[in-house]
Amino acid sequence: MDDRFADVTDIARPRLLLIDGHSMAYRAYFALPVDKFATTTGEPTNAVHGFISMLATLLRVEEPTHVAVAFDAGSTTFRTVRFPQYKGTRDATPEQFKGQVPLIKEVLTSMRIPFLEKDMFEADDILATLSSQADALGMEVLVCSGDRDSLQFVNENVTVLYPVKGVSELARMTPDAVQVKYGVAPHQYPDLAALVGETSDNIPGVPGVGPKTAAKWINQFGGLEEILTHADEIGGKAGESLRAHLDQVRLNRELNHLLTDIELPFGPDDLRAQPWDREAMNAVFDALQFRTLRERLFAMHPAGQDSEQEAAQAAPEVEVVPLAPGVLAQWLDARADQTLGLDVAGRAVPAGGDAWAFAIADGADGAGSAIALDFADLTAADDVVLGTWLADATRRKVAHGGKATWHELAARGYDLRGIVFDTELAAYLCFPDQRGYDLGELVERHLGHELRALETDAGDQGSFDLSVGEGNQDSEANRLAVRAAALTDLAEVLGGELKDREAADLLATLELPLSEVLAQVERRGIAMDVDYLRDLEKHFSEIVAEAARSAYEVIGREVNLGSPKQLQEVLFDQLAMPKTKKIKTGYTTDAAALADLFAKTEHPFLEFLLAHRDATRLRQTVEGLLKAVADDGRIHTTFQQTIAATGRLSSTEPNLQNIPIRTEAGRRIRRAFVVGDGFETLLTADYSQIEMRIMAHLSGDTALIEAFRSGEDLHSYVGSRVFGVPTTEVTSAQRSKIKAMSYGLAYGLSSFGLSKQLGIEVGEAAKLMDDYFERFGGVRTYLTGVVDEARATGYTATIMGRRRYLPDLTSDNRQRREMAERMALNAPIQGSAADIIKVAMLGVEREIAERGLRSRLLLQIHDELVLEVGAGELTELEALVREQMGSAADLLVPLDVSVGVGASWHDAGH
DNA sequence: CTCACTACGTA
DNA sequence: CGTACGTAGTGAGG
């Protein structure tokens, strides 16, 4: 029996929750401010938020076992046919509301809550039908509706929850409550409503007859029929009025009678609450940008609880083997030809990490065995056995985030080899747009059971049945055992997913080997000139102080120059400058806007402010670097391999992929990155215009390919074709326009965007693009083709087959669809470039190792590699790097590599 | 303390 | 109304 919503003490009585979708969503829409609930793309979500929030509360508080939502199918119903004025006074549905009903349905679908709608009928009829059926089945029924007509089916088993304030406060309309509020029994409510009328439905009542009179008559005569029969006996003005409107009252009663016998695809029994599709919920809540609400829901039903049913058979059992002398070696030897799961607990950083416990498990089809132990409890003999096994590349291992595991083990002096599958990398390749790849979530999603520490509920259905050995009851180790045991099973499932996506090779030959390279790259770090960095910090600090002082002097007071809010006050109130571009919190004070303001006003405050901004940022960067220098005098960044949906790496703690280069002051920071002791120099090697070359390759455009083969300056060459002048006569202004456009095309730039960027008219920008496509028609064909294909297949692909799935390409929402289109344009280009440099990194490392050189790779900055050159190896290394980078992909155009050498990153740059 | 927002650095 | 990232400060909320 599914007990996910039910209180265990009250499980015998099924409880059905029915919701009138439209009326509650509509109330939510007016209850919450639409401007406070919108996605970053401006899509209003207030009704969705209010509705789902109310739903969450109902699920928690009422604990229904069965749930359904009914929607109105359209504005035409049998009632409007019978009485065209019905609901005629209603204002047109607000535009902001319309789009939100489908979103609510998306959420409901993800929560596997059925919703019903039926042509020609209203939601209330569906609710009445289901309610009466459920009542007959002995169920307890809760009807959540903002339509008072629903009060007619209230009885001892059926309660209506009627919104009193917004959607957060619901009145429990039991028979007693109806009696108290309206003075009649629930089944008599439509009689009362027929007499009184309902303004919101444009149903006129009997003039002069209000709820009080109506109730009095109903109680006096027993019901509407009797009132009508005895209409002649009723005296006074009210009686007169009634006799004048008998037909209207009869019609009213006919209209407000809810049908309890319409045909529906589901009966109450089919509405049993189902386990949520958490993946779908995550996707839809991501899109809606509901954070708190998602957490509120998930907190009600923690991961795993939903899938207990399905998990019953699938849940593996694993026994943790008590460790006696010799057992580890025996256990491992018995599994010499198996692939084993390995999980380590520790601090996974490239310098100063640690490991405190580990687990190794086989995944013997749900009845496995595991070793789980604190490193502190490891005997010297077992330590050797473990170290040998870890370092043996022929002993196959599955890890989740092998690079992190590698760092943890390296901190304890172990080498780790032989990782043949990494579940985190595999999940990333399959679902590159996902936020994270938590092992527990993956297990739940792909294995259908939860990853639960055993000691809380050992022996429970659906959990691991771990027999804990003597002296081996440490919970951390057991937690690890459960994780390790899941790895081989998960690897199998994700391996299948990879195959389906034709990405198995990508994992085995690219990402997995790359993770080993990155682990070493991170552990090496790059040497820093700390003294120089400190001087630089002092220097930038002085500029900051000076700029701040000058700025305060100009405006005659001290403000926080780092606060956009305070700056707005100074600029637009105190100094009364013209307003800049509007943003959520007022008017922007970004650098472009400030420069624009300076051009208009020449106010010295702006100069000082900009100088202060620049210097502050540079100082921050320097401070961040100083803090990141490890004990070895080097900075060890972490390269994230599963973050960027296009396939790029990213760099964190610190980010070494965004060190300034464009300004002279910024470039000075690069002087702090220096060659380390024992090495000759730094070498940087970067691809020139790799994205444009990929564009040429993928489009096959002969003119663009020729541009690269000609060996001339690309943008001048393209400019000469577009403007119809010799290459030598392309002005620098023309060249930069061409450059901006060429790169913009790869990002899905519009003529509007191009005009804004270049500060030209939209027409001129459009003309520029037309002229470009006139000469490079293959590019246009390619760009439109790539979106069409992605729409058809659901994904884009890079030259190495790395996919990015873009379901929004078919979205009804224009903003989302166009965003997806731009992603589709860019992903193959950015992603192919990422593929190529990853191949190059593997090639460079492999060649260096094969030739026994000491030189080593230190950094990757998307299209650039930084290496430390061993003494006497410069010439050979440069040739090797050029060769490996140049041959990393076989394109229709050459892959140009430029190399620089110097004692610092700045000096090695070009 | 966490979060959204603004701003800005890189490819 | 151009893609992909990470970081830092502010100010509002808890």
Applying salt bridge (Lys or Arg N to Asp or Glu O under 4.0 Å), can you list everything that pairs with Glu864(A), at least two apart in sequence or on another chain? none

Roughly, in whole Å, what's the span from CG in Leu567(A) to P in dA7(B)? 9 Å

Return the nearest nucleotide to the side chain of Tyr747(A); candidates are dT6(B), dG2(C), dG11(C). dG2(C)

Take Gln830(A) and Glu653(A), find for each the nucleotide of DNA chain C with the closest heavy atom, and name the residue whose nucleotide sits nearer the 5' end. Gln830(A)

Taking DNA chain C as the partner, which of residues 810-825 of chain A come within under 4.0 angstrom of it by heavy atom? Met819(A), Arg822(A), Met823(A)

Distance check, rounded to the nearest 0.5 Å: Ile799(A) atom CD1 versus Ile836(A) atom CD1? 3.5 Å

Under 4.0 Å between a side-chain N/O of Ser750(A) and OP1 or OP2 of dG2(C), yes or no? yes

Is it the case that atom CG in Asp812(A) sees more than 12 heavy atoms from other parts of the structure closer than 6.0 Å? no

So which nucleotide from dT10(B), dC8(B), dA12(C) ends up closest to the side chain of Ile661(A)? dT10(B)

For DNA chain C, produce a single dot-bracket line, 5' to 3'. Pairs: Watson-Crick or G-U wobble, both distances under 3.5 Å. Symbols: ( ) within strand, [ ] crossing, | other strand, . unpaired. ..|||||||||||.

Could you tell me whether Thr588(A) contacts a base, only the sugar-phosphate backbone, or nothing, with contacts defined as non-hydrogen atoms closer than 4.0 Å? sugar-phosphate

Within the 4.0 Å heavy-atom criterion, would you say Leu656(A) contacts the bases, only the backbone, or no part of the nucleic acid? nothing

With respect to the side chain of Ile643(A), which nucleotide from dA7(B), dA11(B), dG6(C) is positioned closest? dG6(C)

Applying a 4.0 Å non-hydrogen cut-off, can you work out what Gly744(A) is touching in the nucleic acid: base, sugar-phosphate, or nothing? base

Under a 3.5 Å threshold, yes or no: a donor from one side chain and an acceptor from the other, between Thr589(A) and Arg613(A)? yes

Look at the rings of Phe285(A) and Phe290(A) and say which category their plane angle falls in: under 30° parallel, 30 to 60° tilted, over 60° perpendicular. tilted

At less than 3.5 Å, do the side-chain atoms of Asn658(A) and the base atoms of dG9(B) form a donor-acceptor pair? yes

Whole Å only: how far is the CG atom of Leu594(A) from the P atom of dA7(B)? 9 Å

What's Ser751(A) touching, base or sugar-phosphate or nothing? Going by heavy atoms closer than 4.0 Å. nothing

Nearest listed nucleotide, side chain of Leu749(A), among dA4(C), dG2(C), dG11(C): dG2(C)

Given dC5(B), is OP1 or OP2 found less than 4.0 Å from the side-chain N or O atoms of Lys584(A)? yes

Send over the distance from Arg619(A) CZ to dG9(C) P, rounded to a whole Å. 9 Å

Closest listed nucleotide, where the reference is the side chain of Asn560(A) and the choices are dC5(C), dT10(B), dT10(C): dT10(C)

Considering every strand and a 4.0 Å limit on heavy-atom distances, what is the contact class for Ala645(A): base, sugar-phosphate, or nothing? sugar-phosphate

Which listed nucleotide (dG11(C), dA11(B), dT7(C)) is nearest to the side chain of Asn655(A)? dT7(C)

Which part of the nucleic acid, if any, lies within reach of Ile583(A) when heavy atoms closer than 4.0 Å are counted: base, sugar-phosphate only, or nothing? sugar-phosphate

In whole Å, I'd like the distance from the CG atom of Asp433(A) to the P atom of dA4(C). 8 Å

dA7(B) OP1/OP2 closer than 4.0 Å to side-chain N/O of Thr589(A): yes

Can you tell me whether the side chain of Arg613(A) and the base of dA7(B) have a donor-acceptor pair closer than 3.5 Å? no

Using a 4.0 Å heavy-atom cut-off, does Ala833(A) contact any base of the nucleic acid, only the sugar-phosphate backbone, or nothing at all? nothing

Check the phosphate of dG11(C) against Thr585(A), side-chain N and O only, distance under 4.0 Å to OP1 or OP2. Yes or no? no

More than 12 heavy atoms of other groups within 6.0 Å of Arg557(A) CZ: yes

Using the side-chain heavy atoms of Asp614(A), tell me which of these nucleotides is nearest: dG9(B), dA12(C), dA7(B). dG9(B)

Does Tyr795(A) have Arg501(A) sitting over its ring (NZ/CZ under 6.0 Å from centre, angle to axis within 45°)? no

Calculate the interatomic distance between Leu626(A) atom CG and dA8(C) atom C1'; express it in whole Å. 16 Å

With a 4.0 Å cutoff (strictly under), does any side-chain N or O of Lys565(A) reach OP1 or OP2 of dC5(B)? no

Separation of dG11(C) P from Gln566(A) CD (nearest whole Å): 5 Å

Is there a side-chain contact between Thr652(A) and the phosphate of dG6(C), meaning an N or O under 4.0 Å from OP1 or OP2? no

Determine the contact category for Leu649(A): base if any of its heavy atoms lies under 4.0 Å from a base atom, sugar-phosphate if only primed atoms, P, OP1 or OP2 are that close, otherwise nothing. nothing

In whole angstrom, what separates Asp590(A)'s CG from dA8(C)'s P? 21 Å

Would you indicate what Lys756(A) reaches in the nucleic acid, counting non-hydrogen atoms under 4.0 angstrom: base, sugar-phosphate, or nothing? nothing

Is it true that, when you exclude Glu789(A) itself, more than 12 heavy atoms of the residues, nucleotides or ligands shown sit nearer than 6.0 Å to its CD? no

Taking everything shown except Glu653(A) itself, do over 12 heavy atoms lie less than 6.0 Å from its CD? no

Rounded to whole Å, how long is the line connecting atom CZ of Arg670(A) with atom P of dA11(B)? 6 Å

Does Arg662(A) put a side-chain nitrogen or oxygen below 4.0 Å from OP1 or OP2 of dG9(B)? no

Arg648(A) bridged to Glu691(A) by N-O distance under 4.0 Å: yes

